[in-house]
Trainee: 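There's a structure below that I have some questions on.
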Amino acid sequence: MPSSEAILHHIWKYKLFNALALHTTDGEPVQLLNAGRHNLDAGPDFFNAKLKIGDTVWAGNVEIHIKSSDWLKHKHQHDAAYNNVVLHVVWEHDAPIHRIDGTLLPVLDLSEFTNTTLLDKYEQLRGNNYWVACENHLPSVSDVKKALVLDRMLAERLEDKSLALKEIYSFSAQSWDDTFYIALAKSFGFKVNALPFELLAKNLPQRILAKHKDQALQVEALIFGVAGLLNQNFTDAYPKLLQQEFRFLRAKYNLPELEASIWKFSKTRPDNFPTIRLAQFAALVLQSQHLFSQMIGLKTKKEFASLFARLPVNSYWNKHYRFDKEAEEKPSAIGFGSVDNLLINAIAPLLFFYGKSTGQKKYTEVAGDLLLAIKPEDNQIVRGFKARGFGAAHAFDTQALIHLKKNYCDLKKCLNCGVGLEIIKQND
């Protein structure tokens with residue numbers, strides 16, 4: 001017995017049954033002319049199917065259930081959206097079903113016409129508790145198939161990121177400069193402090209920062225002040241100066257302040273403390289001029305990386321990770337790994353979104369080329385796939401693998417994955 005209707009949808013959609021011998025549970029021959037359009041929203045499972053039952057050709061919808069009685073369980077007998085169902089496809093016919101008008105609904109028992117090997121493989125994948133359900137079968141999948149799946153996963157991941165960028169674009173009154181400013185700030189926070197950085201950028205318009213680009217201390221004061229990190233009594237001269245500057249600027253521009261508690265220090269390494277990232281972000285603001293216009297004119301990874309190279313971070317941060325707490329001296333400039341992270345999570349998605357939004361395909365291609373030029377990421381997901389023979393040559397692959405794991409493997413959506421489908425259809 002199938003554990004999910006999804007496998008039955010797949011069998012029907014791709015006609016993975018003996019189509020020449022079909023008949024209803026009443027013995028009427030069934031000729032499938034068109035399986036219909038798969039509906040992923042509310043309502044019948046397949047729209048606009050066309051089939052011949054006995055001597056009559058029907059055009060309408062098809063509903064699929066594991067058991068006929070599921071029709072009653074799901075309350076379809078009270079829903080007018082199911083009035084146009086012309087065939088009820090089930091795995092087990094256990095109850096007669098009538099439409100709202102009282103007519104008997106024809107039933108096709110799919111179990112009579114389907115090789116259960118495919119079903120057994122699907123249930124085997126869904127039933128195990130492996131890190132990825134298909135890991136024991138991955139060696140049997142061709143590199144070509146894997147590459148095709150990664151292409152699709154990367155496209156989906158960039159589309160998903162475009163949805164988030166679309167919200168920022170709308171918030172920014174369709175300003176590409178402001179969209180880039182907020183998206184870039186969000187990426188400076190990496191995963192742990194992405195939201196605080198985004199809130200900072202939304203509450204500190206870059207037009208205000210632009211007025212003070214010739215005054216480094218004022219730009220730093222604006223950023224740390226709106227971040228809510230200057231509300232304490234300091235010992236060091238530098239934070240005292242920032243505090244003094246911000247008091248004046250806050251009143252001048254009527255600026256808000258975020259709660260200091262939203263910044264996460266405990267889950268990050270000192271080099272990634274939000275104070276260090278804010279200092280680096282301030283350095284970028286001070287160095288940049290028309291940054292979005294610069295960005296869309298670039299093509300190579302080296303050119304994009306140059307946007308973040310040698311940022312003049314305030315020397316205070318060479319001996320500090322937090323205000324008033326001196327530490328061993330170390331460089332505070334942004335590292336190569338962090339630059340790659342910004343290219344992966346800010347630059348490439350924005351290029352893709354800009355290209356899709358403006359209809360300029362060259363920018364979506366540059367986004368893909370940029371990811372191909374960046375070395376593969378090293379994280380738990382990437383290492384997990386590598387250990388199972390599914391390697392990655394560059395960030396294009398690793399971004400695709402992250403999307404595959406989170407959106408398909410973890411959800412056991414094997415039927416929606418090219419790798420899973422190939423394994424299910426393989427003959428042992």
Side-chain angles (χ1 to χ4, degrees), residues 1-18 35 38-40 45-46 64-66 89 91 110-111 113-161 191 344 368 371-372 374-428:
M1 181 73 67
S3 60
S4 168
E5 289 179 6
I7 184 63
L8 302 185
H9 291 186
H10 182 78
I11 290 171
W12 177 260
K13 183 176 181 178
Y14 295 103
K15 303 177 184 177
L16 304 178
F17 46 77
N18 184 0
H38 198 187
N39 172 36
L40 301 178
D45 295 316
F46 286 84
I64 296 178
H65 287 122
I66 295 174
V89 177
W91 191 258
L110 205 55
S111 66
F113 314 102
T114 306
N115 187 327
T116 59
T117 300
L118 182 148
L119 184 65
D120 292 341
K121 279 193 173 182
Y122 174 70
E123 295 301 333
Q124 182 185 34
L125 291 180
R126 279 182 57 86
N128 69 50
N129 293 315
Y130 299 143
W131 188 75
V132 290
C134 64
E135 61 182 55
N136 288 343
H137 303 275
L138 278 176
S140 68
V141 179
S142 69
D143 289 340
V144 172
K145 173 59 70 174
K146 290 177 182 176
L148 289 172
V149 169
L150 291 183
D151 284 348
R152 176 189 164 192
M153 293 299 112
L154 191 277
E156 287 186 10
R157 184 161 178 81
L158 290 175
E159 290 285 0
D160 285 353
K161 291 190 174 187
K191 184 177 181 179
I344 291 168
L371 292 173
L372 287 169
I374 300 173
K375 66 180 181 181
E377 299 158 272
D378 181 20
N379 55 48
Q380 185 178 11
I381 290 177
V382 174
R383 290 192 295 271
F385 275 110
K386 184 178 180 181
R388 291 159 177 82
F390 205 146
H394 30 58
F396 185 108
D397 289 345
T398 55
Q399 284 288 289
L401 288 173
I402 291 169
H403 187 82
L404 175 63
K405 181 68 166 68
K406 292 182 176 180
N407 295 278
Y408 291 84
C409 301
D410 288 352
L411 302 178
K412 296 289 185 75
K413 294 175 67 174
C414 305
L415 291 172
N416 302 102
C417 167
V419 171
L421 279 177
E422 180 161 315
I423 290 169
I424 290 170
K425 292 178 181 178
Q426 285 174 350
N427 294 318
D428 293 329

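The structure presented is a predicted model; accordingly, all values stated were derived computationally and were not measured.
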Trainee: Does the side chain of His10 come within less than 4.5 Å of Tyr122's, by heavy atoms?
Mentor: no
Trainee: Could you grab the distance from atom CG of Leu8 to atom CZ of Phe17, nearest 0.5 Å is fine?
Mentor: 11.0 Å
Trainee: Can you find a pair of side-chain heavy atoms, one from Leu154 and one from Leu158, that are under 4.5 Å apart?
Mentor: yes
Trainee: Nearest 0.5 Å, what's the CD1-CD1 distance between Ile402 and Ile344?
Mentor: 8.0 Å
Trainee: Could you check if a side-chain atom of Cys417 sits within less than 4.5 angstrom of a side-chain atom of Leu404, using non-hydrogen atoms only?
Mentor: yes
Trainee: If you take all heavy atoms of Trp91 and Ser111, which pair is closest and at what distance?
Mentor: O-OG, 3.2 Å
Trainee: Quick check: closest heavy atoms across Glu422 and Ser142, and the distance to 0.1 Å?
Mentor: OE2-N, 3.7 Å
Trainee: If you look at every heavy atom in Glu5 and Asp45, which pair is closest and at what distance?
Mentor: OE1-OD2, 4.5 Å
Trainee: Going from NE2 on His403 to CD on Glu159, what distance comes out if it is rounded to the nearest 0.5 angstrom?
Mentor: 10.0 Å
Trainee: Does Glu377 reach the side chain of Gln399, with side-chain heavy atoms less than 4.5 Å apart?
Mentor: yes
Trainee: May I have the step-by-step check of side-chain contact (heavy atoms from CB on, under 4.5 Å) for Leu16 and Thr114, ending in yes or no?
Mentor: CA-CA 7 Å; Leu16 304 178; Thr114 306; 5.8 Å; no
Trainee: Quick one: CD1 on Ile11 to CG on Leu415, what's the gap to the nearest 0.5 Å?
Mentor: 8.5 Å
Trainee: Over all heavy atoms of both residues, which pair between Ile424 and Lys121 is shortest? Give the atoms and the distance, please.
Mentor: O-CD, 3.3 Å
Trainee: Parallel, tilted or perpendicular, judged at 30° and 60°: which one describes the rings of Phe46 and His9?
Mentor: perpendicular
Trainee: Kindly assign one of parallel, tilted or perpendicular to the pair His394 and Phe396, based on the angle between their ring planes and the thresholds 30° and 60°.
Mentor: perpendicular
Trainee: Rounded to the nearest 0.5 Å, what's the gap from CH2 on Trp131 to NZ on Lys405? Could you check?
Mentor: 5.0 Å
Trainee: Can you name the side chain to side chain donor-acceptor pair (under 3.5 Å) partners of Asn136, sequence neighbours left out?
Mentor: Tyr130
Trainee: Under a 3.5 Å distance rule, please check whether Asn128 uses its side chain to pair with a backbone N or O of Ala133 as donor and acceptor.
Mentor: yes
Trainee: How far apart are the closest heavy atoms of Ser3 and Ile66, and which atoms are they?
Mentor: C-CD1, 4.2 Å
Trainee: Taking side chain as C-beta onward, heavy atoms only, is Ile374 less than 4.5 Å from Thr398?
Mentor: no
Trainee: What distance separates Ile423 CD1 from Gln124 CD, expressed to the nearest 0.5 Å?
Mentor: 10.0 Å
Trainee: Does either side chain, that of Arg126 or that of Ser4, offer a donor lying less than 3.5 Å from an acceptor on the other one?
Mentor: no
Trainee: For Asn407 versus Lys413, what's the shortest heavy-atom pair and its separation?
Mentor: O-CD, 3.4 Å
Trainee: Would you be so kind as to tabulate the donor-acceptor pairs closer than 3.5 Å made by side chains of residues 380-392, with sequence neighbours excluded?
Mentor:
| unit_1 | atom_1 | unit_2 | atom_2 | d |
| --- | --- | --- | --- | --- |
| Arg383 | NH1 | Asp378 | OD1 | 2.8 |
| Arg388 | NE | Glu135 | OE1 | 2.8 |
| Arg388 | NH1 | Gly384 | O | 2.8 |

